[in-house]
Amino acid sequence: MLRDFFSKKKRYASIPSQEAKQDVPEGLMQKCPSCQKIFYRKELIRNMNVCPHCDHHHKMSAFERIEQLFDENSFEEWDKDMISSNPLQFPDYEEKMENDRLKSGLNEAVVTGKASLEGMEAAVAIMDARFRMGSMGSVVGEKITNAVENARKANIPFIIFTASGGARMQEGVLSLMQMGKTSVALQRLNRSGGLFISVMTHPTTGGVSASFASVGDYNFAEPGALIGFAGRRIIEQTIREKLPDDFQTAEFLLQHGQLDKVVHRHEMKETLSTVLSIHKEGGEQG
Amino acid sequence: MKHVLDFEKPVIELREKITELKRLTEESEMDLSEEIVTLEQRLEKLETDVYDQMEPWDRVQMARHPERPTTLDYIDYLFTNFLELHGDRLYGDDEAIVSGIAKFHGKPVTVIGHQRGKDTKENIRRNFGMPHPEGYRKALRLMKQADKFKRPVITFIDTKGAYPGRAAEERGQSEAIARNLVEMAGLTVPVICVVIGEGGSGGALGLGIGDRIFMLENSTYSVISPEGAAALLWKDSNLAQRAAETMKITAKDLKELQVIDEVIPEIRGGAHRDVKQQALNIEKVITAALDELNQKNEDDLLEERFEKYKIIGDYTSLDI
């Protein structure tokens, strides 16, 4: 496999797809899409999926995140078996979900449950962009709503890690209405004095950006994450000008006053722990 | 009739023919009254056939009709003492949203709605009814005011979507919409939302969380435009017509999906045919809803609003 890197010795030229270029070679090695350097996957995982060379934050699966953030074995999953019923009878939708289930090992684009962070309990929702690009359909909306409600009832904070391309097209307006549904639940949590922390990871766009992701009591984001309402291409077509490279990045949002802080993955646990402990002292929570 | 939609061409042509014959009868000695009666009967039947069986795509066209009544048209008929109020107190005044205080049947209300233009000049001023963050924040300011002074909020939804622009992103389009969703969910006064034209995605929803959601018969409400859906799902925006059917975006579809409370019947041929009568249809529905909602105390109102949204969606379990 390593031989493939020495192009001179190659007898046949092949053009790998964009996707193949990103994760060649399978398993053992990984290429950073940002600095193009190749390194051992193990090295990347040890570094919390952050590129050891350029600090690029690679995508992370929901369970990788849970493992790295929360106290060992503290995670209890909720609504694990909930799946979409294809409400619009949309052609090919069920097969697409089945494929994503097999590929990602997840039943939907969000994993929710209860976990502890340095001994402090929280209701958590971790989105995973490998399942239908993290898009929000009925299941994502229902699971997040349940998690918010559980947080309110148990008087514990609610923490979400968002990663989503936006609405789930195949569920049409029901997908749009999940923005409303989660917001109504967050309003209830808010009224009861509950704490809500939103951490936006790459990518957080469209309907997810325009609902729960943006209304945390604290809004954090990982470095370099793409965060925005409308897609870059649509905006460029609308205003007929080229947008700067850093447009809609976490840093861009910070500069425009939309975030409390951009938090490096290595400092995420400590940051969340600080917020949780300050709220615990305040006596509002737990 | 300046704007004729494709599907209604036969009706318009026949109607013009009748007008022509009537003119001839008046001007010449010929007596065409028999023909006219026959043609009028045929027109009646044709109108029923065409307008009572509109396809989703026909309704999309109707919702976008250049003469379709806008928020301000309905405000004229539905309210008295309307006083428009401007600005978000943070950045500017977005004319893609109109808002103000008024009286409905003599009682104070706050009215907010997307506002399209009817010609190019007005559309430029109104940004084609596509708001920037300051529009949503103006709306929120007035909703908070309504909450403080205990008057119901009535919103009219009519937008292709929130504006996808650079400045909109810089000023936090996402946050502006998201904030409205959460805050509308917490208003302690009745909130009634009426979709009068296009209900385009998050930009529509930003004025759309309420206790009662109504849609005019020929309005649409969708997560993405049919053109957008076709481009995204099938890489071909020419399939918009098919997308309009698949995506379930008509008032009737949304009623079946239990997303809205009621479909408000439209004048045959579209709301623009008789704005006054259309306004009466809307008035009836708002009156009934307000009568009901005004009876409820704050806690019940909020609890029922939560329950209303909690049931939206459809899912199952792997183990079934």
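Throughout, protein chains are lettered first and strands after them, A, B, ... in sequence-line order, and every chain is numbered starting at 1. Bear in mind that the values here come from a model prediction, so they are computed numbers and not experimental data.
- Between the CD atom in A/Q248 and the CD atom in B/E170 there is a gap of 10.0 Å [rounded to 0.5 Å].
- Ranked by heavy-atom pairs under 4.5 Å with chain A, the list B/K308, B/E183, B/R179, B/M184 is led by B/R179.
- Ranked by heavy-atom pairs shorter than 4.5 Å toward chain A, the options B/G206, B/G228, B/S174, B/S222 are led by B/S174.
- Separation of atoms CE (B/M247) and OG (A/S175) is listed at 8.0 Å; rounding is to 0.5 Å.
- Heavy-atom pairs under 4.5 Å with chain B peak, among A/D79, A/I83, A/V184, A/V173, at A/I83.
- Contact of A/A185 with chain B is made through backbone and side chain together, with heavy-atom distances under 4.5 Å.
- Contacts of A/N146 with chain B are made by side-chain atoms alone, with heavy-atom separations under 4.5 Å and no backbone atom involved.
- Comparing B/A185, B/A176, B/A167, B/G199 by how many heavy-atom pairs each has under 4.5 Å with chain A, the most go to B/A185.
- B/I312 touches chain A through backbone and side chain together, each having a heavy atom under 4.5 Å away.
- The part of B/I224 that comes within reach of chain A is its side chain, from C-beta onward, which places non-hydrogen atoms under 4.5 angstrom from that chain.
- The part of A/T145 that comes within reach of chain B is its side chain, from C-beta onward, which places non-hydrogen atoms under 4.5 angstrom from that chain.
- A 6.0 Å sphere centred on NZ of B/K310 holds more than 12 heavy atoms belonging to other residues, nucleotides or ligands.
- The distance from the CZ atom of B/F306 to the CZ atom of A/R191 is 13.0 Å, given to the nearest 0.5 Å.
- The residue among B/L232, B/I209, B/T246 with the most heavy atom pairs within less than 4.5 Å of chain A is B/T246.
- Scanning residues 249-259 of chain A against chain B with a 4.5 Å non-hydrogen threshold yields A/F252, A/H256, A/Q258, sorted by number.
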Inset, instruction - Go through B/V223 and A/M169 one step at a time and tell me if the side chain to side chain contact (heavy atoms under 4.5 Å, CB included) criterion holds. - result: CA-CA 7 Å; B/V223 67; A/M169 292 302 140; 4.1 Å; yes

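- The environment of CD in B/E245 is crowded: more than 12 heavy-atom neighbours from other residues, nucleotides or ligands sit within 6.0 Å.
- Between A/R188 and B/E303 there is a salt bridge, since at least one side-chain N of the basic residue sits less than 4.0 Å from a carboxylate O of the acidic one.
- Interatomic distance, CZ of B/R305 versus CD of A/Q187, reported as 8.5 Å (0.5 Å rounding).
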Quiz: residues 233-246 of chain A side-chain donor-acceptor pairs under 3.5 angstrom, not counting sequence neighbours:
{"from": "A/E236", "atom 1": "OE2", "to": "A/L243", "atom 2": "N", "distance (Å)": "3.0"}
{"from": "A/T238", "atom 1": "OG1", "to": "A/I234", "atom 2": "O", "distance (Å)": "2.6"}
{"from": "A/E241", "atom 1": "OE1", "to": "B/R166", "atom 2": "NH1", "distance (Å)": "3.2"}

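- Remark: B/D314 CG to A/L174 CG distance equals 7.0 Å, nearest 0.5 Å.
- A 6.0 Å sphere centred on NZ of B/K121 holds no more than 12 heavy atoms belonging to other residues, nucleotides or ligands.
- When A/S183, A/A230, A/S211 are compared by the number of non-hydrogen pairs under 4.5 Å with chain B, A/S183 comes out ahead.
- Taking all atoms of both residues into account, the shortest heavy-atom contact from B/A162 to A/F229 is CB-CE2, 3.6 Å.
- Atom CG in B/L181 sits 10.0 Å away from atom CG in A/L186 (nearest 0.5 Å).
- Checked by atom type and distance alone, the side chain of B/E169 never pairs as donor or acceptor with a backbone atom of A/G231 at under 3.5 Å.
- Contact tally against chain A (heavy-atom pairs below 4.5 Å) for B/I249, B/I311, B/V259: the top residue is B/V259.
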Legend entry - Verdict with supporting geometry, A/M177 and B/Y221, side chain to side chain contact (heavy atoms under 4.5 Å, CB included): CA-CA 10 Å; A/M177 290 300 153; B/Y221 205 163; 3.6 Å; yes

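- Annotation: maximal heavy-atom pairing with chain B below 4.5 Å, among A/G172, A/G141, A/G206, occurs at A/G172.
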